[in-house]
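For reference, the structure is listed below as structure tokens.
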Amino acid sequence: MGTRLRKVLIANRGEIAIRIIRACHQLGIATVAVFSEPDREALHVRAAGEAYALGGVTAAESYLNSGKLLEIASLAGADAVHPGYGFLSENQQFANAVEEQGLTFIGPRAVTIGLMGDKSAAKELMRKAGVPIIPGYSGEDQGDQTLRAEAEKIGLPLLVKAAHGGGGKGMRVVRSMAAFQTALEAARRESEAAFGSGRLLLEKYLDPVRHIEIQILGDSHGNQVHLLERECSIQRRHQKLLEESPSPSVSAQLRAALGKAALASARAVNYRNAGTVEFLLDARGRFYFLEMNTRLQVEHPVTEWVTGIDLVHAQLRIAAGEPLAIEQKDIAPRGHAIEARLYAEDPAKGFAPQSGVVKELHEPSGPGVRIDSCLYAGCEVSMHYDPMLAKVIGCGATRAEAIAKLDWALSNMLLCGIATNIPYLREVLAMPAFREGQTDTRFLERLLPSWEPRLPPLEIALIAAYHGATAVRPHGRKHPSVEVSPWTTLTQFRLGETPGLKN
Amino acid sequence: MNRRFYYQGVEHDVTALSKGDHHQIQVDGTLLAATVQKGEGSSIQITLNDVVYTALVSVEAEHTDVCVAGHHFRFLHQPPQVLSAAGGSAGRTDGLVVSPMTGRIAKLSLCEGDSVQKGDELLIVEAMKMEFPVTAPLAGKILKIHQAQGEQVEMGTPLVEIQQAQNS
């Protein structure tokens, strides 16, 4: 069926690159990793069959360098490219260039990416397809005066956001017209830095509102299914923190209506591969199309638990031309999963991003605990990339069980050298309102407006420090994992075929 | 044997009174009956009053990092150097704002001589694709700005000096 994939280049870094590399190996597909200069020692480089240097330090110089990526794909003899999320995953030109070089792009058709990446065009298309949309302005005229006039028409509160963005970057809430100009300039600056375009759109800001999204899968034969919802309402500064499936606020009836709308969106663009249709759900149970993400989502693991479908495997099979192996009637929620995003941010210092070396690491494991991570003892966290270090996922038969597993996993996820947001995540998990599922996108703003970490007893930390400082270490080495690791002396390049490759 | 650690400028003294797993440990003069055991991987388990804590420790030349229940503690081995206000100003250090992170100065929001209220944005540090606003810890006048736009700063680098307003 179709063209079998033999070797995939993963145009990404971090936990998602590792996730994709493992899925490829599980299906007998060889892998090619790429890396920037700061990522020379990164885990994804070690996980792949082969690895090639992109050169450069910043994202723009490395993981966004499409010319270099294509050159490496050709040099390594890859027949497909997986873009992961972020970087070039939603770049129409890149998807086009991959296909023009005769390679398979593991994702939707380039034209779909272009269409959905233009948030204004996407909204218009969805309106025509009968999917409800949020009132707003998405015109081409980006003059300050036009935007101000449109803002006044829409009314307050108002959301200014990057037309070509995502992930909360280049986004500002405006509650008074006096603050409009400042918000406009900040959003433009962030948007230009992060996405290379300062184009903005304005939207009515709905409040309170829940963020509900529907996972979709489509094959190249015109079949589409949806894989139920995820709720991602727990956000800080528009950055998702906790994501779960199913949503505690979605009834079977609402799920069916959301699924129907998501499939209408998918069919409007004859969607191929994995994608996500995001909706806002208001207090009265009405929902609005927000945007379609034409890629694998960060939070895909919760859907994998609830549906039993490996989404990266599905992506690879679809890319190879296989038809979907499942029908809509076979998909029903099974249990509950919650994902926590672990960020290199110090909650005790106003969540300032932290960079440095993870000197020691302990990752928990056990039934119902999944960790998607790029960490190892001795790894460096660079200031040049996203601060997300790992995803910790708790899964169980019920929501309460998933919360218990996740909290245990977070309390046993230990990193030395870099402060993380784990204490904050645990605090949210412990809140009665969260446990009761009373979530909305301003949950943290409302219920945790200011927060001071509740530290475990200082004596415990002091006893640990004393124990560490006085413990006798084998061979008198301080950090065997860091200082004499064979990895620091081994070459990064493995030329030729991977041993496990089957033709 | 006794060790001194400095946490957020405060000295702490830890003394072990017995050997083996069952320590009689004295922390800042208080005797605690804690059990310390090897845990999974390179972690250690500390039991105090029947509560079990899993911890990870990393010892460096100048500091010891401890992670317990997701919290990260950095204990210095020497008393911290008091940051003297650069530029030889009146010796006040309470208005010295240091960078909370490693990054790049994306924007200076104010000029030397400007008046600020507590909470006003002083400048924006950018790292990991995010803009992080640094705000005034107190009301006063900007005495000195130590960094220019576009400059790289480390965690702890002095950024701005504020002379506290007389009436606050």
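Just so we're on the same page: letters track the sequence lines, and every chain starts at 1.
- Using a 4.5 Å cut-off between heavy atoms, A193(A) makes no contact with chain B at all.
- The distance from atom SG of C67(B) to atom CG of L361(A), rounded to the nearest 0.5 Å, is 9.5 Å.
- The salt bridge (Lys or Arg N to Asp or Glu O under 4.0 Å) check on K240(A) picks up E213(A), E278(A), E299(A), with sequence neighbours excluded.
- Comparing L414(A), L410(A), N412(A), L425(A) by heavy-atom pairs within less than 4.5 Å of chain B, the highest count is held by L414(A).
- Chosen from S411(A), P364(A), P423(A), the residue pairing most often with chain B at heavy-atom distances under 4.5 Å is P423(A).
- Heavy-atom distances place no part of A194(A) under 4.5 Å from chain B, backbone and side chain included.
- Here the CG-CD1 distance, from D65(B) to I418(A), works out to 10.0 Å after rounding to the nearest 0.5 Å.
- Considering CD of E459(A) and CG of D28(B), their distance stands at 8.0 Å, rounded to 0.5 Å.
- Residue T58(A) does not touch chain B at all, counting heavy-atom pairs closer than 4.5 Å.
- Of the atoms belonging to L342(A), not a single heavy atom falls under 4.5 Å from chain B.
- Neither the backbone nor the side chain of E121(B) comes within less than 4.5 Å of any heavy atom in chain A.
- Contact count versus chain B (heavy atoms, under 4.5 Å) is highest, among A186(A), A461(A), S355(A), for A461(A).
- Chain A is approached within less than 4.5 Å, heavy atom to heavy atom, by P100(B), M101(B), T102(B), G103(B), R104(B), K107(B) from residues 99-114 of chain B, ordered by number.
- Distance alone, capped at 3.5 Å, is enough to place a donor-acceptor pair between the H72(B) side chain and the G417(A) backbone.
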Applying side chain to side chain contact (heavy atoms under 4.5 Å, CB included) to F75(B) and L458(A), what does each step give before you reach the verdict? CA-CA 11 Å; F75(B) 296 110; L458(A) 188 62; 4.0 Å; yes
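- Side chains of L56(B) and L415(A) form no contact here, defined as non-hydrogen atoms less than 4.5 Å apart.
- Side chains of T470(A) and M1(B) form a contact here, defined as non-hydrogen atoms less than 4.5 Å apart.
- For the atom pair OG1 of T420(A) and NE2 of H71(B), the computed distance is 9.5 Å after rounding to the nearest 0.5 Å.
- One distance of note links CZ of R237(A) with CZ of F132(B); it measures 5.5 Å at 0.5 Å rounding.
- Within 6.0 Å of atom CD in Q181(A), more than 12 heavy atoms from other residues, nucleotides or ligands are found, so the atom counts as buried in its surroundings.
- Put simply, the side chain of L455(A) reaches to within 4.5 Å of the side chain of F73(B), judged on heavy atoms.
- Here CG of D346(A) is found 10.5 Å from CZ of R74(B). Values are rounded to the nearest 0.5 Å.
- In this structure the side chain of R189(A) never reaches within 4.5 angstrom of the side chain of E126(B), judged on heavy atoms.
- When the candidates N2(B), T64(B), V14(B) are compared by the number of heavy-atom contacts under 4.5 Å with chain A, V14(B) comes out ahead.
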